[in-house]
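Please read the structure below before turning to the comments.
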2 protein chains.
Amino acid sequence: MILDSETKAVELPDDHGTELRLWLRLLTCTTLIEGEVRSRLREKFDVTLPRFDLMAQLDKVSDGMTLSDLSKRMMVSNGNVTGLVERLVESGHLDRRTSETDRRVQFIRLTKLGRAEFRKMAAEHEKWIADIFGDLSPKDIRELMRLLAKAKGSAQRSAKARSA
Amino acid sequence: MILDSETKAVELPDDHGTELRLWLRLLTCTTLIEGEVRSRLREKFDVTLPRFDLMAQLDKVSDGMTLSDLSKRMMVSNGNVTGLVERLVESGHLDRRTSETDRRVQFIRLTKLGRAEFRKMAAEHEKWIADIFGDLSPKDIRELMRLLAKAKGSAQRSAKARSA
DNA sequence: TGCAATTTCTTTAAACTTCAAGCAATTGGC
DNA sequence: GCCAATTGCTTGAAGTTTAAAGAAATTGCA
């Protein structure tokens with residue numbers, strides 16, 4: 001143990017091991033849960049996770065969303081969304097129509113079928129998530145929410161500093 | 001607001017909203033950081049995240065690892081690892097040799113080049129992560145570690161129960 | 001021993017993903 | 001109005017990923 005002049009424990013200047021371990025744990029945890037959700041979606045509804053995620057974004061709004069909005073909210077590339085939407089229009093879950101005022105813009109909406117199917121899946125999905133986090137107390141959840149918000153803020157600060 | 005007989009706020013029996021919000025926040029946080037790490041790896045070292053992750057697994061051991069070990073540790077499919085290893089052998093970062101006692105098994109190792117390049121990247125990577133989590137106090141980190149461990153355990157319990 | 005089950009790895013098809021380049025439309029000076 | 005910059009979206013190439021099926025080798029048990 002290393003102590004400073006006032007006899008408090010201090011870190012070595014470049015020991016960044018704890019942050020790295022935190023990141024690996026965060027990643028493991030997310031990957032584990034994501035894999036579980038992916039399996040269940042495929043098994044029960046024969047749907048992929050990206051499609052579910054995209055429909056989840058659209059379910060939040062009634063009047064549709066542009067491709068750019070979707071890619072920002074899903075934090076994936078534009079080209080990615082183009083392909084996903086294409087396949088979901090093909091399967092009858094989505095509906096696209098071009099903006100009247102800006103012919104570059106496409107508004108994407110859930111069709112009646114798409115919304116109905118999504119709602120069924122979402123109800124199950126919510127139960128799965130509740131079970132997956134079932135061992136956490138309400139207090140644990142509040143603390144995690146708080147600390148993750150702080151981590152997110154920190155990551156955004158770091159990303160912004162780099163790109164500046 | 002719903003109150004129980006002792007006048008404390010209670011949740012509706014199947015309100016699983018808090019767990020869902022927790023999951024979304026966890027996912028957002030991880031996606032954000034992962035994207036940032038991916039960008040920096042590409043920008044500074046022209047390497048993809050999956051390749052970095054694979055080399056990170058191999059760097060932990062001196063005598064190599066089988067493809068199955070790799071796929072378990074990375075939590076990805078077997079076929080996925082086959083392709084990644086193939087490309088990394090091609091580029092001279094990895095080395096494969098067949099087990100003498102079991103001809104199905106391939107031991108994969110970092111080459112001298114591979115290890116040298118990885119070490120350089122890893123040192124930078126560790127600093128990036130430290131910066132990304134820079135706003136968190138040591139106590140925040142400890143708490144997050146603890147709660148994520150609990151979440152992981154809970155998720156594993158849930159996954160196991162389903163597959164049983 | 002014999003052979004069914006298991007394990008290790010590869011292959012295949014389809015989907016997902018990013019990045020970079022490019023096209024079309026709009027916007028914002030001037 | 002003109003035109004450079006920006007915005008919204010698509011395309012193409014390369015790579016990653018999964019799920020499923022299959023090949024090869026080993027194991028275990030009757």
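What you see is a predicted model, and the numbers here were worked out from it, not measured in a lab. Residue numbers start from 1 in every chain, and the chains themselves are labelled A, B, ... in the order their sequence lines are given, proteins ahead of strands.
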Would you classify [X] as touching base, sugar-phosphate or nothing, given that sugar-phosphate means primed atoms plus P, OP1 and OP2, and contacts are heavy atoms under 4.0 Å?
X	result
B:Thr101	sugar-phosphate
B:Ser68	sugar-phosphate
A:Asp102	sugar-phosphate
B:Leu49	nothing
B:Thr48	sugar-phosphate
B:Thr82	base

*Please tell me if the side chains of B:Met145 and A:Arg25 come closer than 4.5 Å, counting only heavy atoms from C-beta onward.*
yes
_With a 4.5 Å cut-off on side-chain heavy atoms, are B:Met121 and B:Arg51 touching?_
no
If only side-chain N and O atoms count, and only distance matters, is there a donor-acceptor pair under 3.5 Å linking [Y] with [X]?
X	Y	result
A:Thr18	A:Arg21	no
A:Thr111	A:Asp95	no
B:Ser77	B:Asn80	no

*Rounded interatomic separation in angstrom, taking CG from A:Leu84 and C1' from D:dT17*: 14 Å
Phosphate OP1/OP2 of [N] contacted by [X] side-chain N/O (<4.0 Å):
X	N	value
A:Arg96	D:dC9	no
B:Asn80	D:dT18	yes
B:Arg38	C:dC19	no
B:Arg103	D:dT26	yes

*Choosing from D:dA19, D:dG15, C:dC16, which nucleotide comes nearest the side chain of A:Arg51?*
C:dC16
*Can you tell which of C:dT10, C:dT8, D:dT16 lies closest to the side chain of B:Pro50?*
D:dT16
*Contact nearer the 5' end of DNA chain D, comparing A:Val81 with B:Ser77*: A:Val81
*Take B:Gly79 and A:Thr66, find for each the nucleotide of DNA chain D with the closest heavy atom, and name the residue whose nucleotide sits nearer the 5' end.*
A:Thr66
*Record whether the side chain of B:Arg104 comes under 3.5 Å of the base of C:dT7 through a donor-acceptor pair of N or O atoms.*
yes
